[in-house]
Amino acid sequence: AQSVTQPDIHITVSEGASLELRCNYSYGATPYLFWYVQSPGQGLQLLLKYFSGDTLVQGIKGFEAEFKRSQSSFNLRKPSVHWSDAAEYFCAVGLFSGGYNKLIFGAGTRLAVHP
Amino acid sequence: DTGVSQDPRHKITKRGQNVTFRCDPISEHNRLYWYRQTLGQGPEFLTYFQNEAQLEKSRLLSDRFSAERPKGSFSTLEIQRTEQGDSAMYLCASSLVQGRHEQYFGPGTRLTVT
């Protein structure tokens, strides 16, 4: 069955430090992969997506992610974290079934940023 | 583009009552999805519409749940005889048929069943 694993439930970094959030997926075919961010009281905002081509994808707010097929991973990175990045981050795989994209989400990683 | 909107944002109800939530997708989007998110978990797929047709329902959607999208525009999600286990955030998303199928999410409706 398709699944997404985010091994880190909670991560704390200092402002200005680099960040890497891990995501592993289980899916039989080439996946469509997404990272979303959720701030308290708000819906999910799409940070970036991977469909095909270049395995390093750039997103909004200075985030990037790298697709590694051999490791079934799609880790999210940011070189320098800002206090406003504190939020919950969700990795998702999109399933094409009948021509649409149903999202399977991981459990999320909550990011705290120390000043 | 005003984004996906949901109403109400918060709902507190007593066990056994019926509740209805509304979702207004981005105007040109013909696909609409409902997800449920419980505390500490990622969203879980509930159901999907293309225009007014409901094309898939998750087994999470028990008989007490019903969703409609009467004219292919807004959608409603009704829960009958609510139970405490229904307490969650209910998220709506929409997307286009063509293109890369990115889903755009609304702010959600938080349901608390007491």
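Proteins get letters first, then strands, A, B, ... in listed order; numbering begins at 1 in each.
To the nearest 0.5 Å, atoms CZ (B:Phe105) and CD (A:Gln38) are separated by 9.0 Å.
Among A:Leu44, A:Leu46, A:Ile104, the residue with the largest count of heavy-atom pairs under 4.5 Å with chain B is A:Leu44. Your options are B:Arg9, B:Gln37, B:Gln6, and the one with the most heavy-atom pairs under 4.5 Å with chain A is B:Gln37.
In summary, of the residues considered (B:Glu56, B:Gln54, B:Lys57), a side chain to side chain donor-acceptor pair (under 3.5 Å) with B:Thr47 occurs for B:Gln54 alone.
Interface remark: B:Glu44 contributes no atoms to any contact with chain A (heavy atom separation under 4.5 Å). Neither the backbone nor the side chain of B:Arg110 comes within contact range of chain A; no heavy atoms are under 4.5 Å apart.
A:Phe34 has its ring centre less than 6.0 Å from the ring centre of A:Phe51.
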Problem set entry | Derivation of the ring-ring contact (aromatic ring centres under 6.0 Å, His included) call for A:Tyr36 and A:Phe90 | CA-CA 5 Å; A:Tyr36 283 86; A:Phe90 293 94; 8.7 Å; no

